[in-house]
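For reference, the structure discussed in these notes is given below.
What you see below is based on every heavy atom in this structure, not just the backbone, and it leaves out hydrogens, waters and symmetry mates.
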Amino acid sequence: QLTFWESGGALVQPGESLKLNCVAFGFTLDDYAVGWFRQAPGKEREGVSCISSRGGATHYADSAKGRFSIFRDNTLNTVHLQMTNLKPEDTAEYYCALHVGQGAYCDMSSTWYDNWGQGTQVTVSS
């Protein structure tokens, strides 16, 4: 069983920035593709961004392009999701999910991932 968790969620105002963290313990996160997903109340879970193992590939949902950035910090065994210019519609529970590395590939579909964190809440409101 993999031990990892999300952190960094908070209440922020529109236009502000936030950095989410997917932190791993006891294994090397760089060996796994990582996806960030979000789910708002009453809505389906949607893919936000993903990064392949070794960071060879990244993908973003259209809603995240130009505002969010996914990257690894291997010294911290962490994958970050840097979010800027946040909007009220970004409000959701955010989850990171892992899949054993498949080269320079990651998937934006939740069904591809085997392991899920508990989530961290992001609320964007004035």
Side-chain angles (χ1 to χ4, degrees):
Q1 185 168 345
L2 302 177
T3 300
F4 65 100
W5 59 88
E6 305 91 340
S7 66
L11 169 63
V12 296
Q13 295 189 346
E16 293 187 337
S17 298
L18 205 57
K19 186 167 72 175
L20 304 184
N21 315 298
C22 180
V23 185
F25 178 79
F27 67 97
T28 302
L29 191 58
D30 203 28
D31 291 337
Y32 289 78
V34 177
W36 278 100
F37 293 81
R38 67 186 183 187
Q39 188 166 19
K43 295 188 176 181
E44 293 187 355
R45 187 170 296 187
E46 62 174 347
V48 177
S49 182
C50 70
I51 186 168
S52 66
S53 62
R54 312 289 186 260
T58 58
H59 298 290
Y60 297 91
D62 288 343
S63 59
K65 288 177 182 176
R67 299 190 300 128
F68 294 3
S69 176
I70 189 170
F71 59 98
R72 294 183 180 272
D73 185 340
N74 290 336
T75 63
L76 297 177
N77 211 22
T78 297
V79 167
H80 299 289
L81 182 68
Q82 177 69 55
M83 305 187 294
T84 64
N85 190 22
L86 283 161
K87 305 175 181 181
E89 50 264 42
D90 294 317
T91 295
E93 189 82 8
Y94 283 70
Y95 301 87
C96 68
L98 310 185
H99 185 93
V100 172
Q102 300 290 325
Y105 179 80
C106 65
D107 206 292
M108 293 289 281
S109 171
S110 62
T111 58
W112 190 69
Y113 293 87
D114 311 301
N115 303 277
W116 290 82
Q118 295 299 307
T120 186
Q121 177 67 35
V122 173
T123 303
V124 185
S125 175
S126 56

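Between W5 and F25, the ring-plane angle classifies as tilted under the 30° and 60° cut-offs. A perpendicular orientation is assigned to the rings of H99 and Y113, their planes being inclined by more than 60° (bins at 30° and 60°).
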Test log, rule side-chain contact (heavy atoms from CB on, under 4.5 Å), inputs D31 and R54: CA-CA 7 Å; D31 291 337; R54 312 289 186 260; 2.9 Å; yes
Steps toward side-chain contact (heavy atoms from CB on, under 4.5 Å) verdict (F27, L98): CA-CA 12 Å; F27 67 97; L98 310 185; 3.7 Å; yes
Salt bridge (Lys or Arg N to Asp or Glu O under 4.0 Å) assessment of K87 paired with D90: CA-CA 5 Å; K87 305 175 181 181; D90 294 317; over 6 Å; no
M83 vs W36, side-chain contact (heavy atoms from CB on, under 4.5 Å): CA-CA, chis, key distance, verdict: CA-CA 12 Å; M83 305 187 294; W36 278 100; over 6 Å; no
Chi angles and distances behind the side-chain contact (heavy atoms from CB on, under 4.5 Å) call for Q82, F71: CA-CA 8 Å; Q82 177 69 55; F71 59 98; 4.0 Å; yes
Evaluation steps, side chain to side chain donor-acceptor pair (under 3.5 Å), between D73 and T78: CA-CA 5 Å; D73 185 340; T78 297; over 6 Å; no
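Using a 4.5 Å cut-off between side-chain heavy atoms of Ile, Leu, Val, Met, Phe, Trp and Tyr, with links allowed through other members, L86 and Y60 fall into the same hydrophobic cluster. F4 and Y95 fall into different hydrophobic clusters, where Ile, Leu, Val, Met, Phe, Trp and Tyr side chains are chained together by heavy-atom contacts under 4.5 Å. Y32 and V23 fall into different hydrophobic clusters, where Ile, Leu, Val, Met, Phe, Trp and Tyr residues are linked whenever their side-chain heavy atoms come under 4.5 Å apart, directly or through other members. Placement of L18 and L11 in two distinct hydrophobic clusters is found when ILVMFWY residues are connected by side-chain heavy-atom separations under 4.5 Å, directly or transitively. The hydrophobic cluster containing M108 does not contain Y94, counting ILVMFWY residues as joined when their side-chain heavy atoms lie under 4.5 angstrom apart, directly or transitively.
Taking Ile, Leu, Val, Met, Phe, Trp and Tyr as members and joining any whose side-chain heavy atoms lie under 4.5 Å apart, directly or through other members, L76 forms no hydrophobic cluster with any other residue.
Between T3 atom OG1 and N115 atom CG the span is 10.0 Å, to the nearest 0.5 Å. Note that OG of S52 is 12.0 Å distant from CG of D107, once rounded to the nearest 0.5 Å. Atoms SG and CD1, from C96 and I51 in turn, are 12.5 Å apart once rounded to the nearest 0.5 Å. Atom CZ in F68 sits 9.5 Å away from atom OG in S17 (nearest 0.5 Å).
Distance alone, capped at 3.5 Å, places no donor-acceptor pair between the Q39 side chain and the A92 backbone. Checking side-chain atoms of S49 against main-chain N and O of H59 turns up a donor-acceptor pair under 3.5 Å. Side-chain atoms of E93 come within 3.5 Å of backbone N or O of T120 as a donor-acceptor pair. Between the side chain of Q102 and the backbone N or O of C106 there is no donor-acceptor pair closer than 3.5 Å. A donor-acceptor pair under 3.5 Å is formed between the side chain of R72 and the backbone N or O of L29.
Counting heavy atoms of neighbouring residues, nucleotides and ligands inside a 6.0 Å radius, atom CD of E89 exceeds 12 of them.
Contact detail for G47 and A61: the closest heavy-atom pair is O-CB, 3.4 Å.
Applying the side chain to side chain contact (heavy atoms under 4.5 Å, CB included) test to E46 and every residue at least two apart in sequence or in another chain returns R38.
The distance between the ring centers of F37 and W116 falls below 6.0 angstrom.
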